[in-house]
Amino acid sequence: MTAPIRVLIVDDDALVRAGLSMILGGTGDIEIVAEAGDGSEVPPLIAAHRPDVVLMDIRMPDVDGLTATEALRAAASPPEVVVLTTFHADAQVVRALRAGAAGFLLKDIPPRELVEAIRKVAAGEPILSPAVTRQLITHVSEDGGGAGRRTDRARDLLAKLSERERDVALAVGQGKSNAAIGRELYMSVATVKAHVSRILTKLDLNNRVQIALTVYDASL
């Protein structure tokens with residue numbers, strides 16, 4: 001049997017934690033290994049329980065989810081982080097995605113979609129749909145702070161890629177799936193995955209979301 005997906009829930013609202021635990025714990029293939037009410041509780045729980053996925057609230061009273069995510073993703077062999085928010089793409093969500101979060105979920109997400117999102121993240125897939133990606137592009141493009149420096153850095157990074165890798169990166173930036181990229185660029189899904197892996201390695205990025213953000217920063 002496949003081992004269950006181990007999940008840590010971090011939210012300062014006990015009712016939210018209880019609801020998420022009830023939804024995810026009843027699936028059979030997802031195990032809630034621990035809960036936390038603040039980002040300050042995350043490091044010891046990660047060490048003790050080794051979750052595969054962390055559901056992370058953004059706004060918490062002591063150590064917020066943003067700070068906790070940045071520290072967590074900077075550590076060795078970190079779990080995947082999914083940000084929980086009531087906003088579609090505010091500045092804090094974008095910052096969490098830049099830090100390496102695999103995506104974000106709205107707190108009013110239907111239970112079935114929540115479960116599928118956790119399964120996708122655990123399997124190494126992003127959970128930003130093309131519609132959400134377009135919204136993210138708009139938000140990033142409206143963020144003027146440090147935009148020039150980010151543009152220069154992003155273009156320097158993308159210059160490291162081969163022409164084919166660059167084509168794949170641009171398609172990832174458009175929120176396209178591996179299958180869609182394969183159809184567009186006339187390559188197999190396995191070849192697309194190989195290109196994505198090489199892009200992540202060359203650019204020292206965590207996931208597809210960060211590839212997309214790099215493409216947006218480069219104004220491509």
Side-chain angles (χ1 to χ4, degrees), residues 1-7 27-30 51-55 73 76-83 89 93-94 96-105 109-110 112-141 150-151 153-220:
M1 293 179 63
T2 303
I5 301 166
R6 299 168 61 80
V7 175
T27 61
D29 63 338
I30 298 175
D52 302 304
V53 178
V54 178
L55 281 177
R73 292 299 302 177
S77 302
E80 298 291 349
V81 177
V82 177
V83 173
V93 171
V94 173
L97 295 175
R98 289 191 188 280
F104 66 91
L105 299 174
I109 185 173
R112 181 179 298 178
E113 292 181 22
L114 171 64
V115 171
E116 287 305 310
I118 297 299
R119 289 171 176 159
K120 284 184 177 181
V121 169
E125 300 178 28
I127 55 170
L128 291 180
S129 68
V132 171
T133 301
R134 284 193 295 272
Q135 186 177 36
L136 190 60
I137 294 171
T138 300
H139 187 89
V140 171
S141 66
R150 283 202 302 271
T151 298
R153 180 178 179 276
R155 289 179 177 175
D156 287 343
L157 284 174
L158 293 175
K160 298 178 181 180
L161 303 179
S162 69
E163 182 177 354
R164 206 56 167 158
E165 288 165 350
R166 184 183 172 91
D167 290 340
V168 172
L170 292 176
V172 170
Q174 295 168 352
K176 294 178 180 177
S177 66
N178 287 339
I181 295 172
R183 288 192 298 271
E184 180 179 295
L185 299 179
Y186 303 101
M187 60 178 69
S188 69
V189 170
T191 301
V192 174
K193 289 181 178 179
H195 279 306
V196 170
S197 295
R198 283 196 292 272
I199 292 167
L200 293 173
T201 299
K202 282 187 176 182
L203 305 190
D204 193 24
L205 300 177
N206 287 299
N207 53 41
R208 294 168 70 105
V209 177
Q210 289 189 328
I211 295 175
L213 287 170
T214 301
V215 170
Y216 307 153
D217 287 341
S219 301
L220 300 178

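What you are looking at is a predicted structure, and each value in this text was computed from that prediction instead of being measured.
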Heavy-atom distance under 4.5 Å between the side chains of [X] and [Y], does that happen here?
| X | Y | result |
| --- | --- | --- |
| V168 | L161 | no |
| R153 | D217 | no |
| V215 | V172 | no |
| L158 | L203 | yes |
| L213 | L205 | no |
| L105 | E113 | no |

From [atom1] ([X]) to [atom2] ([Y]), nearest 0.5 Å:
| X | Y | atom1 | atom2 | value |
| --- | --- | --- | --- | --- |
| D167 | M187 | CG | CE | 7.5 Å |
| Y216 | T151 | OH | OG1 | 14.5 Å |
| D52 | I30 | CG | CD1 | 10.5 Å |
| L170 | K176 | CG | NZ | 9.5 Å |
| R98 | T214 | CZ | OG1 | 8.0 Å |
| L97 | N207 | CG | CG | 8.0 Å |

Salt bridge (charged side-chain N to carboxylate O under 4.0 Å, His left out): pairs with one or both residues in residues 185-207, sequence neighbours excluded =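 Of all non-adjacent pairs touching residues 185-207, those that pass salt bridge (charged side-chain N to carboxylate O under 4.0 Å, His left out) are E165-R198, E165-K202.
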
Tell me the closest heavy-atom pair linking [X] and [Y], and the distance in Å.
| X | Y | answer |
| --- | --- | --- |
| A99 | Q210 | C-NE2, 3.6 Å |
| A102 | V121 | CB-CG1, 4.0 Å |
| V83 | A101 | CG2-CB, 3.9 Å |
| I109 | L114 | CD1-N, 3.6 Å |
| A179 | V189 | CA-CG2, 3.9 Å |

Examine distances only and state if a side-chain atom of R73 and a backbone atom of P79 form a donor-acceptor pair shorter than 3.5 Å.
->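 A pair under 3.5 Å: yes.
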
Any donor-acceptor N/O pair, R155 side chain to A218 backbone, under 3.5 Å =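 The answer is yes, because a donor-acceptor pair under 3.5 Å joins these two groups.
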
Looking at R119 and E116, does any basic side-chain N land under 4.0 Å from a carboxylate oxygen?
->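 So R119 pairs with E116 through a salt bridge.
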
side-chain contact (heavy atoms from CB on, under 4.5 Å) assessment of V192 paired with L185 = CA-CA 9 Å; V192 174; L185 299 179; over 6 Å; no

What pairs with D156 under salt bridge (charged side-chain N to carboxylate O under 4.0 Å, His left out), at least two apart in sequence or on another chain?
->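 None.
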
